[in-house]
Amino acid sequence: GKMIPAELEKAIVAAKIDGAVPFFVNATGGTTVYGAYDPIDEIADVCEKHNIWLHVDCAWGGGVLVSSKHKHLVKGIHRADSVTWNPHKMLGVTLQCSAILLKHKDLLAHCNSMCADYLFQQDKNYDVSYDTGDKAIQCGRHNDIFKFWLMWRAKGDAGLESHINRLFDLKRYMLDRLAAREGFEMVLEEPECTNICFWYVPRSMRKMAPGPDRDYKLNLVAPRVKGLMMEAGTTMIGYQPHGNQPNFFRMIISNNASTKSDIDFLLDEIERLGEEASSEI
Ligand SMILES: *Cc1c(COP(=O)(O)O)cnc(C)c1O
């Protein structure tokens with residue numbers, strides 16, 4: 001699920017030969033399903049060479065920036081022209097809190113400013129460059145970043161870092177538990193972010209040969225287990241198909257109040273309800 005920089009360059013060259021003008025590359029720092037990090041440094045080399053704007057979508061995975069242990073995942077991000085980052089995802093800021101960060105000073109003001117002097121007076125008694133209202137496409141919006149500022153003040157750099165490190169520790173714990181238990185199969189063995197994608201294969205399906213018959217049945221397991229979870233009111237987990245793969249569970253670890261025993265409980269529930277579901281499938 002990651003961009004291959006050499007293929008990117010080939011596509012750019014091919015587009016130019018066709019007379020097109022490639023101008024924008026969107027790399028992702030933590031994809032929504034697999035949690036994959038594109039190799040930003042290498043992609044930045046390609047963009048620099050071809051004079052193309054590099055945007056990095058770090059909506060999900062940008063939280064690693066606050067961890068000296070995990071920020072290597074977004075190595076090269078300082079070379080991006082623009083970055084999106086949702087502190088309401090990995091960092092657990094209350095919904096919603098989304099940022100767009102640009103390297104080019106004043107660009108948003110140049111694009112969006114309407115200079116409505118009945119709203120954004122220029123002759124106030126303070127430095128008006130701190131006013132953000134006139135830089136945005138919208139006008140009236142929450143000051144959502146205030147929640148993040150408050151959290152940062154309360155937890156400190158060290159608190160944010162330990163939040164992120166803990167999420168990755170819990171990911172490691174869950175991967176180890178999945179490997180140790182019967183009936184769980186990984187979609188990706190070593191996810192880069194804290195997304196863990198896996199199937200639960202009920203006992204009755206474990207002897208089936210891989211192929212369309214098994215996939216057909218496996219595809220029904222995750223939605224049925226989730227339905228049973230909702231009825232039981234015990235826990236919940238997301239799932240989805242991907243490409244031609246049958247529905248799989250996707251655990252997203254983003255809450256650092258979670259414990260190892262929560263993870264054990266989740267896997268116990270998937271196993272218990274998976275067996276119940278398999279009798280109907
Ligand atoms: C969640 C997510 C988005 C969407 O962010 P919004 O602020 O909800 O629009 C974009 N990109 C990725 C990779 C995401 O995971």
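Residue numbers count from 1 along this sequence. Predicted, not measured: the structure shown is a model, and the values here were computed from it.
Closest non-hydrogen pair, A222 versus Y239, comes out as CB-CB, 3.8 Å. Scanning both residues, C193 and W60, for their nearest heavy atoms gives SG-NE1, 3.5 Å. The heavy-atom pair separating P22 from A15 by the smallest distance is CG-CB, 3.9 Å. Listed here is the closest heavy atom pair of V187 and Q245: CG1-NE2, 3.8 Å. A pairwise comparison of heavy atoms in A59 and K89 identifies O-CD, 3.6 Å as the closest pair.
Side-chain contact between W85 and L91: present, with at least one pair of heavy atoms (C-beta onward) separated by less than 4.5 Å. I77 places a side-chain heavy atom less than 4.5 Å from the side chain of C58. The side-chain heavy atoms of E275 and Y200, taken from C-beta on, include a pair separated by under 4.5 Å. Contact annotation: the side chain of M251 never approaches that of L170 to less than 4.5 Å [non-hydrogen atoms, C-beta and beyond]. Residues K217 and L220 have side chains not in contact (no heavy-atom distance under 4.5 Å, counting atoms from C-beta outward). Taking 4.5 Å as the limit, some side-chain heavy atom of F198 sits within range of a side-chain heavy atom of I270. The closest side-chain heavy-atom distance from V56 to V74 is not below 4.5 Å. Side-chain contact check for V221 versus P246: every heavy-atom pair is 4.5 Å or farther apart.
Around CG of L95, the count of heavy atoms belonging to other residues, nucleotides or ligands within 6.0 Å exceeds 12. Within 6.0 Å of atom CG in N51, 12 or fewer heavy atoms from other residues, nucleotides or ligands are found, so the atom counts as exposed in its surroundings. Annotation for H104: atom NE2 counts as buried by contact number, over 12 foreign heavy atoms lying within 6.0 Å. For NZ of K2, the number of neighbouring non-hydrogen atoms (other residues, nucleotides, ligands) closer than 6.0 Å is greater than 12. The number of heavy-atom neighbours closer than 6.0 Å to CD of E182, taken from other residues, nucleotides and ligands shown, is 12 or below. In the displayed structure, F265 atom CZ is contacted under 6.0 Å by more than 12 heavy atoms of other residues, nucleotides or ligands. Within a 6.0 Å radius of NZ in K71, other residues, nucleotides and ligands contribute 12 heavy atoms or fewer. Atom CE of M230 is surrounded by 12 or fewer heavy atoms from other residues, nucleotides or ligands within 6.0 Å.
With rounding to the nearest 0.5 angstrom, the CD1 atom of I4 is 10.5 Å from the CD1 atom of I43. Within the model, atoms CD of Q121 and CG of D131 stand 9.0 Å from one another, a figure rounded to the nearest 0.5 Å.
R166 contributes a side-chain N or O that, together with a main-chain N or O of S258, makes up a donor-acceptor pair within less than 3.5 Å. In this structure, Y37 contributes its side chain and G61 its backbone to a donor-acceptor pair below 3.5 Å. Side-chain N or O atoms of D57 include none that pairs as donor or acceptor with a backbone N or O of T28 at under 3.5 Å. One N or O on the side chain of D134 and one on the backbone of C115 form a donor-acceptor pair closer than 3.5 Å. Formation of a donor-acceptor pair under 3.5 Å by the R206 side chain with backbone atoms of V201 is found in this model. Judged purely by atom type and a 3.5 angstrom limit, D81 has no side-chain atom pairing as donor or acceptor with the backbone of K103.
Using modelled atom types and a 3.5 Å distance limit, the side chains of K147 and H142 yield no donor-acceptor pair. Side-chain N/O atoms of E269 and T235 include no donor and acceptor closer than 3.5 Å. Between S162 and N165, the side chains place no donor N or O within less than 3.5 Å of an acceptor N or O (distance only, hydrogens not considered).
E190 has no carboxylate O lying under 4.0 Å from a charged side-chain N of K171, or vice versa, which leaves the two without a salt bridge. A salt bridge is absent between D264 and R181: the closest approach of a Lys/Arg side-chain nitrogen to an acidic carboxylate oxygen does not fall below 4.0 angstrom. Look at R203 and E271 and you find a salt bridge, because one of the NZ, NE, NH1 or NH2 atoms lies within 4.0 Å of a carboxylate O, short of that distance. At a threshold of 4.0 Å, the pair E185-R214 counts as salt-bridged, since one of the basic side-chain nitrogens sits closer than that to a carboxylate oxygen. Ionic pairing of R172 and D176 is present here: one or more N-O contacts between side-chain nitrogen and carboxylate oxygen are shorter than 4.0 angstrom.
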Walk me through it: do I17 and V13 pass the test side chain to side chain contact (heavy atoms under 4.5 Å, CB included)? CA-CA 6 Å; I17 289 169; V13 170; 4.0 Å; yes

Check step by step if side-chain hydrogen bond (donor to acceptor under 3.5 Å, both in side chains) holds for S98 and N86. CA-CA 4 Å; S98 306; N86 290 0; 3.1 Å; yes

Could you please spell out the steps behind the side chain to side chain contact (heavy atoms under 4.5 Å, CB included) verdict for T84 and H55? CA-CA 8 Å; T84 42; H55 177 73; 3.2 Å; yes

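Each of F249, W199, Y34 was compared with H242 under the ring-ring contact (aromatic ring centres under 6.0 Å, His included) criterion, and only Y34 meets it.
Both V64 and L101 sit in one connected hydrophobic cluster of ILVMFWY residues. Membership requires side-chain heavy atoms under 4.5 Å apart, directly or through other members.
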